[in-house]
Amino acid sequence: MAIELSVLFAYVIGIIILFLLGRMCIYPMKILVKLLYNAIIGGIVLLFINLIGGVFNYHIALNVVSALIVGFLGIPGIILLVVFKVIFSI
């Protein structure tokens with residue numbers, strides 16, 4: 001019951017290919033998870049801005065685009081949205 005060398009070679013090559021394909025799929029998933037995490041954090045920050053701004057009758061729309069802007073840029077993204085709100089509300 002000996003395994004032929006060509007069959008063993010095929011199994012090894014198959015395992016290597018599966019490993020490489022798995023590695024190629026992990027990197028985009030890390031980027032996607034990080035983007036989703038940042039968007040959620042951005043949404044929470046915008047929610048707090050709207051809660052505090054409600055006292056002054058000021059709010060920023062909470063949608064996917066604004067959450068992603070805050071998620072990507074962080075504090076500068078918040079400032080950017082506030083500036084856009086001020087400029088375009090006139």
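Excluded from the calculations below are hydrogen atoms, water molecules and symmetry mates; all remaining heavy atoms, backbone and side chain alike, are included.
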Do [X] and [Y] belong together in a cluster built from hydrophobic side chains that touch within less than 4.5 Å?
X: Ile60; Y: Leu80; value: yes
X: Ile31; Y: Leu36; value: no
X: Val65; Y: Val70; value: yes
X: Leu73; Y: Leu47; value: no
X: Ile75; Y: Ile69; value: yes

Compare all side-chain heavy atoms of [X] with those of [Y] and state whether any distance is below 4.5 angstrom.
X: Phe48; Y: Leu51; answer: yes
X: Leu46; Y: Leu81; answer: yes
X: Tyr58; Y: Lys85; answer: yes

*Can you tell which of Ile13, Leu20, Ile15 makes a side chain to side chain contact (heavy atoms under 4.5 Å, CB included) with Ile17?*
Ile13
_Treating Asn50 as the side-chain partner and His59 as the backbone partner, does any N or O pair qualify as donor plus acceptor under 3.5 Å?_
no
*What closest approach, in Å, do Ala61 and Ser66 show between heavy atoms, and which atom pair accounts for it?*
O-OG, 2.9 Å
*Given side chain to side chain contact (heavy atoms under 4.5 Å, CB included), test Leu21 with Met24 step by step and report yes or no.*
CA-CA 5 Å; Leu21 285 174; Met24 288 183 352; 3.8 Å; yes
*Does anything in residues 60-87 pair up under ring pair (Phe, Tyr, Trp, His ring centres under 6.0 Å), and if so which pairs, sequence neighbours excluded?*
Phe84-Phe88
_Val83: partners by side chain to side chain contact (heavy atoms under 4.5 Å, CB included), with sequence neighbours left out_ = Ile79, Ile87
